[in-house]
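Below is one structure; the comments refer to it alone.
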There are 2 protein chains.
Amino acid sequence: MLADVARAAGISESTASRALKDDPRIGETTRAAVRAAAASLGYVPNAAARSLRAKRTQILGLLLDDLADPVHGQLAAGFEEAAAAQGYAVFMMTGLHDPERENRALRTFLEHRADGIALASCVIDPSDVYEQVSRLRVVFVQPDYPGLIDDGAPSHGFLLIDDAAGVSAAVRHLVDLGYRRMAYVGAGGTTSDRMRRATATAVIGAVSGASLRVYDAGLAGWRDPSMVANALAADRPEAVICYDDKLALALIDALRLTSLDVPNDVAVVGFDGIVQAGRSRPRLTTVAVPSVELGRRAVGMLVAAARDGTMAPTEVMPVRLVLGETTPSRSVDDGTDGATGVAAGATLVHGA
Amino acid sequence: MLADVARAAGISESTASRALKDDPRIGETTRAAVRAAAASLGYVPNAAARSLRAKRTQILGLLLDDLADPVHGQLAAGFEEAAAAQGYAVFMMTGLHDPERENRALRTFLEHRADGIALASCVIDPSDVYEQVSRLRVVFVQPDYPGLIDDGAPSHGFLLIDDAAGVSAAVRHLVDLGYRRMAYVGAGGTTSDRMRRATATAVIGAVSGASLRVYDAGLAGWRDPSMVANALAADRPEAVICYDDKLALALIDALRLTSLDVPNDVAVVGFDGIVQAGRSRPRLTTVAVPSVELGRRAVGMLVAAARDGTMAPTEVMPVRLVLGETTPSRSVDDGTDGATGVAAGATLVHGA
DNA sequence: TTGTAAGCGTTATCAT
DNA sequence: ATGATAACGCTTACAA
């Protein structure tokens, strides 16, 4: 402890404390002596004691759905990296879409007085959270919160993915390529799922002669995509828009046992841009989300809020449509192809 | 803070403290009053203050290579789950194989007085770590530490994967299927890599007529496996044992651009058993590692050590050979097939 | 430039 | 059954 260091250096605790944090009013000699003493004693400051006094912990809390999920792993990596770079340690907890677990995690963060808390894909209600934590200390990252659809996003403290632009770009791209009879395969009806589905419906509804049939792999179906694959094989849509890449890849795999060949009989697009999508055969066309950057930005918002005393405004992260091999140009050209263009808000990228 | 709760309940701080932690000598009436006061005031205990007194933080530290990596993600998920179940919060930091980052992480854990620290795939020397932390508080999970090969594993505080049994099982399986001219593709010469390579060499060396050629995708090659793929296409081995699944899948993908077809011209086996291996086409034969369980066990060892005052003995986690479609039986049977059997220590599993 | 002393929010040890 | 008080290790006015 500090007292030992001070004693060894033959000075008072306060001087030792100051010397170790490079307070300008400490003499070089003293400073060197303190440093030497600290080093030889193997002194390691006690963060708990420090923060008890300082009222700042240099701790951030990150709540994720599941660390084993590729998207969340990326988010976590970006978050940790940015936090470490700013001198923050990170508590990471998983919520698994379980409100109880999420609340326990939140509670843990609060007990440890985290300077900032990021809640990714959480299912708990933001207003419940705001009752327990200052708005300056929380950021919601792509939360599963119905209010986003009904009332739109709050003006501050939210970090979102541009679901609409992403799906819109994907659908328009398919339309440009000549696809008309489409399907959307959802995954359980989360807010994001509903948003993407609604966008697909809307965009396709505006194209004459185009149709969209909606499926839901649901929570149960997620484990067994073959049921959806069979349904698709029966309905034979020309293109399938999947809720995310995981679902898309599982579906492509399941479709191998059916009469539908990807991409010759049916095109497929995913969402997220997970690494796997760029390595699968055929390469998956997908809407890439900057997951790592999302994590970094969350840290940025929290740190800025702590510094400035104002929570940063809500941000919508841009996505980019990455063209793979699952969406070839339709061989049978119907003549209406053309410059539909990519939806505003999403970039178009060729290759993975 | 507690003082407010005490005041609201009309009793002393000590009583309030006791009431909240269900001290048996507090009356029901008082307890109820305190609870009510705490709830209405939204009291959240301060972990820093608590641990300052208690000398226990209920914090564990986990150092990983990279959160975005599937294997580490699984490990992290298992670790977090087990920790949360035991009431511990987890600091997670990434080392990225950089000794400096690893030391910074360690330092952070120490400053926060983590009750236990798990170092996964770290490159820093265990003896350096033991100089800073009590052996009771650290567990090394599959560290990249040469001493493991030279001197064997320390008797306590290590959690290892059975590299030898895994590779041995894989190679014997290939031999049983009739493969003789084999290749091992390493990835940069980590301890684990060297261990697997040495095992492959040894096992194959004991089979008459069998040979092993060693390649190293290295750190640079990892990003561009096509170079290795081309080399393999030139040498045309019958089977390739890859350091891990990531490499195996990348290699299989790269091989598509060569004259070698997987699995008809060349068999491939991986290591780790990542989710992706069970979803690829063809399904990858791999040595599955219980990554989630590894994380859980690390917590188990740390918590037990804190409880018992003795670090648990080193454990070697069993692996299982999972048969996919990348290792079909050799069409040209050389007659020496037979009951080589699977190496002791590894289980054989059919299907993914 | 350095030292003194109070206090951060809890808990544990004594008393009562 | 409950209360007063010291202590945990550090920071920071305020003095000197």
Side-chain angles (χ1 to χ4, degrees), chain A residues 1-39 41-59 87 89 107-115 132, chain B residues 1-39 41-59 87 89 107-115 132:
Chain A
M1 35 176 287
L2 193 53
D4 300 329
V5 176
R7 200 174 315 122
I11 42 92
S12 79
E13 250 184 288
S14 27
T15 306
S17 171
R18 290 178 189 125
L20 289 176
K21 50 179 31 117
D22 293 310
D23 189 302
R25 54 189 178 170
I26 296 297
E28 259 321 316
T29 337
T30 322
R31 177 166 317 173
V34 174
R35 274 203 213 295
L41 290 176
Y43 170 70
V44 178
N46 183 320
R50 190 211 304 285
S51 39
L52 194 55
R53 231 356 281 233
K55 305 268 188 198
R56 287 191 325 148
T57 55
Q58 294 292 109
I59 290 176
R107 169 90 182 185
T108 301
F109 298 155
L110 293 177
E111 294 193 349
H112 285 277
R113 298 295 188 270
D115 289 339
Q132 309 175 59
Chain B
M1 33 178 289
L2 193 54
D4 300 329
V5 177
R7 199 174 315 122
I11 42 90
S12 78
E13 254 185 283
S14 346
T15 306
S17 172
R18 291 180 188 121
L20 289 176
K21 46 180 35 109
D22 293 311
D23 189 301
R25 53 191 178 169
I26 296 296
E28 259 320 317
T29 338
T30 321
R31 177 165 317 174
V34 174
R35 274 203 214 295
L41 290 177
Y43 170 70
V44 178
N46 183 319
R50 191 210 302 285
S51 37
L52 195 55
R53 267 289 345 198
K55 305 273 186 195
R56 287 190 326 147
T57 55
Q58 294 292 109
I59 290 175
R107 169 93 182 183
T108 301
F109 297 155
L110 292 177
E111 293 193 349
H112 286 278
R113 299 293 188 270
D115 288 340
Q132 309 175 59

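Every chain is numbered from 1, with letters handed out A, B, ... down the list of sequences.
For DNA chain D, the span of nucleotides reached by chain A at under 4.0 Å from its heavy atoms goes, 5' to 3', from D:dG9 to D:dC14.
Across all non-hydrogen atoms, the minimal contact from B:Ala37 to B:Ala8 is CB-CB, 3.9 Å. Closest approach of A:Tyr43 to A:Met1, counting heavy atoms only: CE1-C, 3.5 Å. The heavy-atom pair separating A:Val5 from A:Ala38 by the smallest distance is CG1-N, 3.8 Å.
At a threshold of 4.0 angstrom between heavy atoms, the contacts of B:Ser51 with the nucleic acid are absent.
Using a 3.5 Å distance cut-off with no hydrogens or angles, the side chains of B:Ser14 and B:Ser17 do not pair a donor with an acceptor.
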B/S/- contact track for nucleotides 9-16 of chain C, protein heavy atom under 4.0 Å
BBBBBB--
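Ion pairing between A:Lys21 and A:Asp23 fails under the 4.0 Å rule for side-chain N and carboxylate O. Ion pairing between B:Asp22 and B:Arg35 holds under the 4.0 Å rule for side-chain N and carboxylate O.
Side-chain N or O atoms of A:Asp115 include none that pairs as donor or acceptor with a backbone N or O of A:Arg56 at under 3.5 Å. In this structure, the side chain of A:Thr15 does not engage the main chain of A:Ile11 through any donor-acceptor pair within 3.5 Å.
Here A:Ser12 reaches the OP1 or OP2 of C:dG3: one of its side-chain N or O atoms lies under 4.0 Å away.
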